[in-house]
Amino acid sequence: MKKIFITLSILALTATACKQQSEKLEVVSTEESTTATPSEEVSGETTEFAPEALAQIFHQLDGNTLTFQEILAQYKGKNILIDVWAAWCPDCIKALPEIKNIKAEFPSVVFVNLSLDKTPEAWKEAIEKYGIEGEHFHLKDEKRMKGVFGQAIQLNWIPRYIVVNKEGKIELFNATEKNFEEIKALLNTIQ
């Protein structure tokens, strides 16, 4: 009986180890896709934003509202780096110094900050507290990342960076704080 129990235990451990190894391989392949070159990142479907994303309403610091399409239209003719972030996100806050460095290195790029904070007060407080520069907009959506806008841009992590060129086409659709070197290289290329 002991031998059967030991054999079953070994089989269970082996199966678990194989499953974990398989999951590790899946994670590696996912991470590789986030470090793809800009030309690999952009497929035919990701050179433009989905209509649902463009129709999303954002609030400005003064309380006025704009659609995402109107926000993008304001900066047509300029390269744009979009930062989707929130004050409650530790990775977003940790990334701010590098974003400031990128802003200093690329002063002609427009930095559009799209906040997913729960309240306008938290959003405004974070802008002041962390000295966040650029253009600021707040998404009032209780579902935040899982809402219409988040789904339309395939948002599964923040901070999330999107690079839009002077013609309004997406150059880099899905970048995180791990892709700063790629973002800088792309901004150098499209200047």
Side-chain angles (χ1 to χ4, degrees), residues 34 38 41-89 91-93 95-96 99-100 102-103 106-177 179-180 182-183 186-187 190-191:
T34 61
E41 278 290 327
V42 178
S43 70
E45 295 179 310
T46 57
T47 59
E48 294 182 1
F49 289 101
E52 298 84 3
L54 294 171
Q56 183 64 58
I57 294 175
F58 284 85
H59 294 262
Q60 297 175 285
L61 288 169
D62 63 8
N64 290 327
T65 60
L66 290 171
T67 64
F68 186 53
Q69 184 168 13
E70 291 170 327
I71 293 169
L72 294 173
Q74 286 183 30
Y75 308 112
K76 192 158 187 175
K78 296 184 178 199
N79 293 315
I80 304 167
L81 176 59
I82 298 169
D83 180 357
V84 182
W85 71 286
W88 48 261
C89 164
D91 289 331
C92 299
I93 303 308
L96 288 174
I99 286 295
K100 285 182 181 182
I102 294 172
K103 287 177 183 173
F106 299 95
S108 64
V109 173
V110 176
F111 289 81
V112 172
N113 302 290
L114 304 179
S115 168
L116 301 180
D117 280 298
K118 294 177 183 179
T119 66
E121 295 77 25
W123 164 54
K124 291 174 183 178
E125 184 180 303
I127 292 169
E128 188 174 324
K129 179 178 180 179
Y130 299 110
I132 301 171
E133 301 168 354
E135 306 302 317
H136 298 283
F137 304 93
H138 178 246
L139 176 65
K140 265 192 182 176
D141 183 345
E142 290 180 13
K143 293 182 180 179
R144 287 172 283 292
M145 288 177 64
K146 296 180 181 179
V148 173
F149 184 76
Q151 289 180 7
I153 66 165
Q154 302 166 20
L155 189 61
N156 60 4
W157 183 265
I158 59 173
R160 163 78 174 278
Y161 305 100
I162 303 170
V163 177
V164 179
N165 67 24
K166 294 175 182 178
E167 291 77 39
K169 300 290 183 191
I170 299 170
E171 290 281 341
L172 181 62
F173 184 66
N174 190 6
T176 68
E177 69 277 13
N179 301 102
F180 283 137
E182 181 181 351
I183 290 168
L186 176 59
L187 291 174
I190 64 174
Q191 273 195 23

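Fair warning: this is a prediction, and the values are worked out from it, not measured in the lab.
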**Message:** Is there a side-chain contact (heavy atoms from CB on, under 4.5 Å) between Asn79 and Leu81? Walk through the geometry before answering.
**Reply:** CA-CA 7 Å; Asn79 293 315; Leu81 176 59; over 6 Å; no
**Prompt:** Do the non-hydrogen side-chain atoms of Leu61 and Lys124 ever get within less than 4.5 Å of each other?
**Reply:** yes
**Item:** Gap separating the OG1 atom of Thr65 from the CD atom of Glu70, nearest 0.5 angstrom
**Value:** 7.5 Å
**Prompt:** Any side-chain heavy-atom pair from Lys103 and Val109 closer than 4.5 angstrom?
**Reply:** no
**Fill in**
Separation between CG (Asn174) and CD (Gln154), nearest 0.5 Å, reads 7.5 Å
**Prompt:** Does Lys100 have any side-chain hydrogen bond (donor to acceptor under 3.5 Å, both in side chains) partners at least two apart in sequence or in another chain, and if so, which?
**Reply:** none
**Request:** Indicate the atoms forming the closest heavy-atom contact of Lys76 with Glu167, along with that distance.
**Result:** CE-O, 3.7 Å
**Test side-chain hydrogen bond (donor to acceptor under 3.5 Å, both in side chains) applied to Trp157 - qualifying residues, sequence neighbours left out** = Glu177
**Request:** Return the set of residues passing salt bridge (charged side-chain N to carboxylate O under 4.0 Å, His left out) with Lys169 (not counting sequence neighbours), or none when no residue passes.
**Result:** Glu48
**Request:** Check ring-ring contact (aromatic ring centres under 6.0 Å, His included) between Phe149 and all other residues, then give those that pass, not counting sequence neighbours.
**Result:** Phe58, Phe68
**Request:** Could you name each residue pair satisfying side-chain hydrogen bond (donor to acceptor under 3.5 Å, both in side chains) that touches residues 106-119, not counting sequence neighbours?
**Result:** Ser115-Asp117
**Request:** May I ask you to decide if Tyr161's main-chain N or O and Asp83's side chain share a donor-acceptor pair within less than 3.5 Å?
**Result:** no
**Request:** Output all residues satisfying side-chain contact (heavy atoms from CB on, under 4.5 Å) with Gln69, sequence neighbours left out; order by chain, then residue number.
**Result:** Leu54, Thr67
**Asked** When Leu72 is tested against each of Val112, Ile82, Val110 for side chain to side chain contact (heavy atoms under 4.5 Å, CB included), which residue passes?
**Response** Ile82
**Asked** Taking atom CG of Leu172 and atom CD of Glu182, what is their separation to the nearest 0.5 Å?
**Response** 5.0 Å
**Fill in**
Rounded to the nearest 0.5 angstrom, the CD1-CZ distance for Ile71 and Phe137 is 4.5 Å
**Request:** With sequence neighbours excluded, tell me which residues meet ring-ring contact (aromatic ring centres under 6.0 Å, His included) with His138.
**Result:** Trp123
**Prompt:** Is there side-chain contact between Phe111 and Ile132, with heavy atoms separated by less than 4.5 Å?
**Reply:** no
**Request:** Please name the pair of heavy atoms, one in Ala122 and one in Ala87, separated by the smallest distance, quoted to 0.1 Å.
**Result:** O-CB, 4.2 Å
**Request:** Ignoring hydrogens and angles, tell me if any N or O in the side chain of Gln151 forms a donor-acceptor pair with the backbone of Lys146 under 3.5 Å.
**Result:** yes
**Fill in**
So CD1 of Ile99 and CD1 of Ile93: to nearest 0.5 Å the spacing works out to 11.5 Å
**Counterpart residues, side-chain contact (heavy atoms from CB on, under 4.5 Å), relative to Glu52 (two or more places apart)** = Ala50, Val148, Ala152
**Request:** Starting at CD1 of Ile158, measure out to CE of Met145 and round the result to the nearest 0.5 Å.
**Result:** 5.5 Å
**Request:** Give the minimum heavy-atom separation between Leu139 and Gln56, together with the two atoms involved.
**Result:** CD1-NE2, 3.1 Å
**Request:** Could you name each residue pair satisfying side-chain hydrogen bond (donor to acceptor under 3.5 Å, both in side chains) that touches residues 125-135, not counting sequence neighbours?
**Result:** Tyr75-Glu135
**Request:** Report the C-alpha distance between Ile190 and Val163 in whole Å, list the side-chain angles of each, state the deciding distance to 0.1 Å, and finish with yes or no for side-chain contact (heavy atoms from CB on, under 4.5 Å).
**Result:** CA-CA 10 Å; Ile190 64 174; Val163 177; 3.8 Å; yes
**With Trp85 via ring-ring contact (aromatic ring centres under 6.0 Å, His included) - residues at least two apart** = none
